[in-house]
Novice: 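The structure follows.
Naming convention: chains lettered A, B, ... in sequence-line order (proteins, then strands); numbering from 1 in each chain.
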Amino acid sequence: MPESTFLDSTELVLNMGPQHPSTHGVLRVILKLDGEKVLGTDCVIGYLHRGVEKIAENRTYAQFNPYVDRMDYVAAISNGLGYCLAIEKLLNVEAPPRAQAVRVILTELNRIASHLVWLGTHALDIGAITPVFYCFREREEALKIFENYCGARLTTHAFRIGGLQYETYDGFEKEVLAFCDMFLPKVDEYEELLTNNRIWAGRLKHVGVLNAEECKEYGVTGPVLRAAGVKWDLRKAQPYSGYQQYDFEIPTCENGDTYDRYTVRIEEMRQSARIMRQAVEKLAAGPIMAKVPKVIKPPVGEVYVSIEAPKGELGYYVVSDGTTQPYRVRVRPPSFVNLQALGRMVAGGLVADVVAIIGTLDIVLGEVDR
Amino acid sequence: MADEQKPAGSPSPAPSGAGGVNPKAGPAAGAPKTAPPKPAAAAPPKPPAIMAATPWDSELARDLRDRFPDQIGETSTYLGQDFLIAKPDAIISILEYLKLEADFDYLVDITAVDWPKKPERFELVYILYSFAHNRRVRVKTSIADGYRPASAVGVHLTANWLEREVYDMFGIEFAGHPDLRRILLPEEWQGFPLRKEYSIVQQDERWVRENLGIESGQ
């Protein structure tokens, strides 16, 4: 509750969304306001609910693979990687080194693409029109690589259980390296536009603060957690897909405000490019598919496997009853869990901050609602 | 038809009459270049009917057993992942103990699995993580339909939405939850979709008719 004000004011309930340009999809937020000040919020979600977990129970393991791309559709490759790793764990197989390296390259490229969508739209919400054009220009280059690799740009279905379906195309390595060379100076360009921009700093600094304790209480992960000073990244903490071989930093900040989350994500894009370069160097000839039976029938059991998706910890809890269809697939979506902290982050702030905070949480409603 | 190789990018109809419930599990996983997809012939040997878990032997498991001797039924490891099975009324104390004494301060997820044939049909699963020890543990319990497990919101704030989703999908009501409403489905929706008897094509006909103005969403 705000401290007493000079004027008597009545509470106003304001509806925002589900069709609102700055809610990044079909998110509806009901705001309780005292003038410009936000007293409380209630999120209404589920507009994009397709019952992905129910669908999983009615498909075979391989058939469900393309569906996971439709959750976090701006980082479809991460979703696919998490799912494939979970089923591989259940089958107790591991993708061959070449497949792992290609997976790392594509996943990191997808992380860059996802962060670019975040940066462009976040800046647009704040009122900076230019960055979105820059960001989508570079994202296009990343999507071209996806398209050349597997034919699809957004919902790529790039990986298969046990490895990869397709060998890389001629010139894949060259294109990836060219992307890295092209991309790093562009990140400096974004920074030039925003980092020291007074309006940008004014709108972002000390807005939507979430400290480390609160992050853990709310189960918030990913760049939001790292911006609060917790040096935790699943790629380092519990490496998968060969991430232990690569040399990279986990960027962190201290204040846990919106500006820090911006700083962390910008630096993460640079680190992703760094990982991609190393993975290209490590790319040796070899098989791309592990020995996986044609009919995937994991033994009775259950696993929880999670990866560091661009938004945070993306986990799959899969229960097998020994048949060809999963008995239960639970997706632990980072966007859904992170969105829960919205109420805490906007309380006491201004209406305009709500827009900044929704942007900085980097949610994708396809993943929130599943 | 001579089975021309198609890039099996997405599940497409099976080329030959493989029949059965599962005509198309293989091609997406197999090597694409050579062998034409054979109908499911070489099924792996029949798996055991129960999970082949081994006992979980560690200091934490012993501590937990000492602390909750009657409430913890099993501490096991499967594929390197530790879990324990406890009585439903002990879950909150176990979560509290794990959070305060063993540094499991991050509740990753709460979910449920429906086993309609078992007398205690729902399996509730709490996935925990410890930043300090970089370890995960799963706390599981089985409850009957209609049993109201205690809410974990008092221990971990993140349980709020996670429990709402379990309620929404399975109809498990958490006692003491501050705001137990549906979260993904509309408030007035009838039925709990992730229960096994709820068919994949089933829907709340009345809700669809009244709110969307169409006969069926299918």
Novice: Checking heavy atoms, do the side chain of B:Glu123, its backbone, both or neither come under 4.5 Å from chain A?
Specialist: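 Side chain only.
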Novice: I'd like to verify something: which residue of B:Asn134, B:Leu107, B:Val155 has the highest number of heavy-atom pairs under 4.5 Å with chain A?
Specialist: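 That would be B:Asn134.
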Novice: Determine whether a donor-acceptor pair (N or O, by modelled atom type, separation under 3.5 Å) exists between the side chain of A:Arg328 and the backbone of B:Ala112.
Specialist: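 A pair under 3.5 Å: yes.
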Novice: Got a sec, which residues hit side-chain contact (heavy atoms from CB on, under 4.5 Å) with B:Ser93, two or more places apart in sequence or on another chain?
Specialist: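 Applying side-chain contact (heavy atoms from CB on, under 4.5 Å) to B:Ser93 gives B:Phe68.
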Novice: Restricting to non-hydrogen atoms, name the atom on A:Gly301 and the atom on B:Tyr78 that form the minimum distance, rounded to 0.1 Å.
Specialist: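 Minimum heavy-atom separation between A:Gly301 and B:Tyr78: CA-CE2, 3.7 Å.
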Novice: Please output the residues of residues 113-121 of chain B in contact with chain A, using a heavy-atom cutoff of under 4.5 Å, in numerical order.
Specialist: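 From residues 113-121 of chain B, the residues near chain A are B:Val113, B:Asp114, B:Trp115, B:Pro116.
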Novice: Taking every non-hydrogen pair under 4.5 Å, which of B:Asp105, B:Thr158, B:Leu194 racks up the most with chain A?
Specialist: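 Top option by heavy-atom pairs under 4.5 Å: B:Thr158.
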Novice: Given heavy-atom pairs under 4.5 angstrom as the criterion, report whether the side chain, backbone, both or neither of A:Leu225 touches chain B.
Specialist: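 Interface part for A:Leu225: side chain.
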Novice: For A:Asp42, which atoms come within 4.5 Å of any heavy atom of chain B: side chain, backbone, both, or neither?
Specialist: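 The answer is the side chain of A:Asp42.
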Novice: Is a side-chain donor or acceptor of A:Arg332 paired with a backbone partner of B:Val108 at a separation under 3.5 angstrom?
Specialist: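 It does hold such a pair.
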Novice: Take atom CZ in A:Arg50; do more than 12 heavy atoms of anything else shown fall under 6.0 Å from it?
Specialist: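 Yes, enclosed.
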Novice: Using every non-hydrogen atom in the two residues, find where B:Arg136 and A:Tyr304 come nearest and quote the distance to one decimal.
Specialist: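 In terms of heavy atoms, the two residues are closest at NH1-CE2, 3.7 Å.
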Novice: Under 3.5 Å, is there a donor-acceptor pair linking the side chains of B:Asn160 and A:Gln340?
Specialist: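 There is no such pair (donor and acceptor under 3.5 Å, judged by atom type) between the side chains of B:Asn160 and A:Gln340.
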Novice: Let's test your reading of the structure: which of A:Arg344, A:His49, A:Arg330 forms the most heavy-atom pairs below 4.5 Å with chain B?
Specialist: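 Looking at each of A:Arg344, A:His49, A:Arg330 in turn, A:Arg330 comes out on top.
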Novice: Can you say whether A:Ser306 sits under 4.5 Å from chain B via the side chain, the backbone, both, or neither, judging by heavy atoms?
Specialist: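 It is the side chain, since no backbone atom gets that close.
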Novice: Supply the atom-to-atom distance B:Leu184 CG to A:Asp369 CG, rounded to the nearest 0.5 angstrom.
Specialist: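 Spacing of CG (B:Leu184) from CG (A:Asp369) equals 6.0 Å.
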Novice: Would you find a donor on one side and an acceptor on the other, under 3.5 Å apart, between the side chain of A:Lys54 and the backbone of B:Ser199?
Specialist: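 Checking the backbone N and O of B:Ser199 against the side chain of A:Lys54, no donor-acceptor pair under 3.5 Å is found.
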Novice: Measure B:Arg181 against the heavy atoms of chain A and call it side chain, backbone, both or neither at under 4.5 Å.
Specialist: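 Side chain only.
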Novice: Just so I know, are the side chains of B:Gln81 and A:Glu302 near enough to count as touching, which here means a heavy-atom distance under 4.5 Å?
Specialist: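 B:Gln81 vs A:Glu302: side chains apart.
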Novice: Around atom NZ of A:Lys236, are there more than 12 heavy atoms from other residues, nucleotides or ligands closer than 6.0 Å?
Specialist: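 Atom NZ in A:Lys236 is crowded, with more than 12 foreign heavy atoms closer than 6.0 Å.
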Novice: Heavy-atom pairs under 4.5 Å with chain B - which of A:Thr221, A:Ile288, A:Val368 has more of them than the others?
Specialist: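 Looking at each of A:Thr221, A:Ile288, A:Val368 in turn, A:Thr221 comes out on top.
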Novice: Would you please name every residue forming a ring pair (Phe, Tyr, Trp, His ring centres under 6.0 Å) with B:Phe131, sequence neighbours left out?
Specialist: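 Once residues adjacent in sequence are excluded, the partners of B:Phe131 under the ring pair (Phe, Tyr, Trp, His ring centres under 6.0 Å) criterion are A:Trp232, B:Tyr106, B:Tyr129.
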Novice: Please look at B:Ile110 and chain A and tell me whether the side chain, the backbone, both or neither of the residue comes under 4.5 angstrom of a heavy atom of that chain.
Specialist: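 The answer is the backbone of B:Ile110.
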Novice: If every non-hydrogen atom of B:Leu157 is compared with every non-hydrogen atom of A:Glu217, which pair is closest and at what distance?
Specialist: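 Shortest heavy-atom separation between B:Leu157 and A:Glu217 comes out as N-OE1, 3.2 Å.
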Novice: In terms of heavy-atom pairs under 4.5 Å, which option from B:Leu185, B:Asp168, B:Ile127, B:Asp179 contacts chain A the most?
Specialist: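 Among the listed options, the one with the most contacts to chain A is B:Ile127.
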Novice: Sequence neighbours excluded, which residues qualify as side-chain contact (heavy atoms from CB on, under 4.5 Å) partners of B:Leu79?
Specialist: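 Once residues adjacent in sequence are excluded, the partners of B:Leu79 under the side-chain contact (heavy atoms from CB on, under 4.5 Å) criterion are A:Lys89, A:Asn92, A:Val303.
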Novice: At a 4.5 Å cut-off on heavy atoms, which part of A:Leu48 comes close to chain B: side chain, backbone, both, or neither?
Specialist: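 Neither part.
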Novice: Between A:Tyr327, A:Phe336, A:Tyr317, which has the largest tally of heavy atom pairs under 4.5 Å with chain B?
Specialist: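 With the most close heavy-atom pairs to chain B, the winner is A:Tyr327.
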Novice: So B:Lys196 and A:Glu57, side-chain contact (heavy atoms from CB on, under 4.5 Å) or not? Walk me through it.
Specialist: CA-CA 9 Å; B:Lys196 287 286 175 185; A:Glu57 294 171 12; 3.2 Å; yes
Novice: When you look at A:Lys216 and B:Lys99, which way does the side-chain contact (heavy atoms from CB on, under 4.5 Å) test go after all the steps?
Specialist: CA-CA 11 Å; A:Lys216 288 177 186 172; B:Lys99 181 183 179 184; over 6 Å; no
